[in-house]
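Here the structure comes first, spelled out in structure tokens, and everything after it is commentary.
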Amino acid sequence: QVQLVESGGGLVQAGDSLRLSCASSGPTFRDYYIGWFRQAPGKEREFVAVCSQSAATTYYSDFVKGRFTISRDNAKNTVSLKMNSLKPEDTAVYYCAASRLGARQASLYNYWGQGTQVTVAS
């Protein structure tokens, strides 16, 4: 069982930066890929980024590539998502999730956090 808790969301202006954190309890955190997803009102949940167990491999969606950076600290059981140059269209609830696979599909993630709201004002 992996429990995930996101933090760090908030209201920012376009062009600002924000760092989201995903904290986990349990001894098996380092066995999982950790992904970030987001869901805007009226839209489907979409893949943002994923980090492998050792953080050696990362993947990003095209719309955040070059602006967002995913990283993890297995000693602290945390994964971070640093978001730079935020745009109003980045406004969404952001979720972290754990999977045995390095996937982009939300359906392949077994454990989810409760989400944290990010709002980017223009």
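The analysis underlying the following values was restricted to heavy atoms, covering all of them including side chains, and did not include hydrogens, waters or symmetry mates.
Atom CZ in Phe29 sits 4.5 Å away from atom CD1 in Ile34 (nearest 0.5 Å). Taking OG of Ser17 as the start and NZ of Lys82 as the end, the distance is 5.0 Å to the nearest 0.5 Å. Atom SG of Cys96 is separated from atom CD of Gln114 by 7.5 Å, given to the nearest 0.5 angstrom. Note that SG of Cys22 is 9.0 Å distant from CZ of Arg72, once rounded to the nearest 0.5 Å.
Judged purely by atom type and a 3.5 angstrom limit, Glu6 uses its side chain to pair as donor or acceptor with the backbone of Gly115. Between the side chain of Gln3 and the backbone N or O of Ser25 there is no donor-acceptor pair closer than 3.5 Å. When atom types are taken as modelled, the side chain of Arg38 and the backbone of Ala92 share no donor-acceptor pair closer than 3.5 angstrom. Arg30 places a side-chain N or O within donor-acceptor distance of the main-chain N or O of Asn74, the cut-off being under 3.5 Å. Judged purely by atom type and a 3.5 angstrom limit, Ser52 uses its side chain to pair as donor or acceptor with the backbone of Thr57. Proximity of a side-chain donor or acceptor of Ser99 to a complementary backbone N or O of Tyr33 within less than 3.5 Å is not detected.
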For side-chain hydrogen bond (donor to acceptor under 3.5 Å, both in side chains), just list the numbers for Asn77 and Ser24, CA-CA rounded to whole Å, side-chain angles, deciding distance to a tenth of an Å, and then say yes or no. CA-CA 5 Å; Asn77 278 13; Ser24 175; 4.8 Å; no

Gln117 vs Thr91, side chain to side chain contact (heavy atoms under 4.5 Å, CB included): CA-CA, chis, key distance, verdict: CA-CA 8 Å; Gln117 176 71 46; Thr91 295; 4.0 Å; yes

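Of the charged side-chain nitrogens involved, at least one lies within less than 4.0 Å of a carboxylate oxygen, so that Asp62 and Lys65 count as a salt-bridged pair.
Looking only at side-chain heavy atoms (C-beta outward), Arg104 and Tyr60 stay at 4.5 Å or farther from each other. Here the side chains of Asp31 and Arg100 are in contact, with some heavy-atom distance below 4.5 Å. Looking at Leu20 and Thr116, their side chains come closer than 4.5 Å, going by heavy atoms from C-beta outward. Side-chain contact between Trp36 and Val79 is present, with at least one heavy-atom pair separated by less than 4.5 Å. The shortest distance between side-chain heavy atoms of Asp90 and Val118 does not fall below 4.5 Å. Using a 4.5 Å heavy-atom threshold, the side chains of Leu18 and Leu86 count as touching. Side chains of Leu81 and Val48 form a contact here, defined as non-hydrogen atoms less than 4.5 Å apart.
Taken together through direct or relayed side-chain contacts under 4.5 Å among Ile, Leu, Val, Met, Phe, Trp and Tyr, Ile70 and Phe63 form part of one hydrophobic cluster.
Shown are Leu101, Val50, Leu4; of these, the side chain to side chain contact (heavy atoms under 4.5 Å, CB included) with Tyr109 is made only by Val50.
Between Tyr94 and Phe68, the ring-plane angle classifies as tilted under the 30° and 60° cut-offs.
The two residues Gln13 and Ser122 come nearest to each other via the heavy atoms OE1-O, 3.9 Å. Closest approach of Ala103 to Phe47, counting heavy atoms only: O-CE1, 4.0 Å.
Between Asp73 and Thr78, the side chains place no donor N or O within less than 3.5 Å of an acceptor N or O (distance only, hydrogens not considered).
Ring pair Phe37/Tyr95: centre-to-centre distance not below 6.0 Å.
Atom CD of Glu44 has 12 or fewer neighbouring heavy atoms from other residues, nucleotides or ligands inside a 6.0 Å radius. Atom OH of Tyr111 has more than 12 heavy atoms from other residues, nucleotides or ligands within 6.0 Å.
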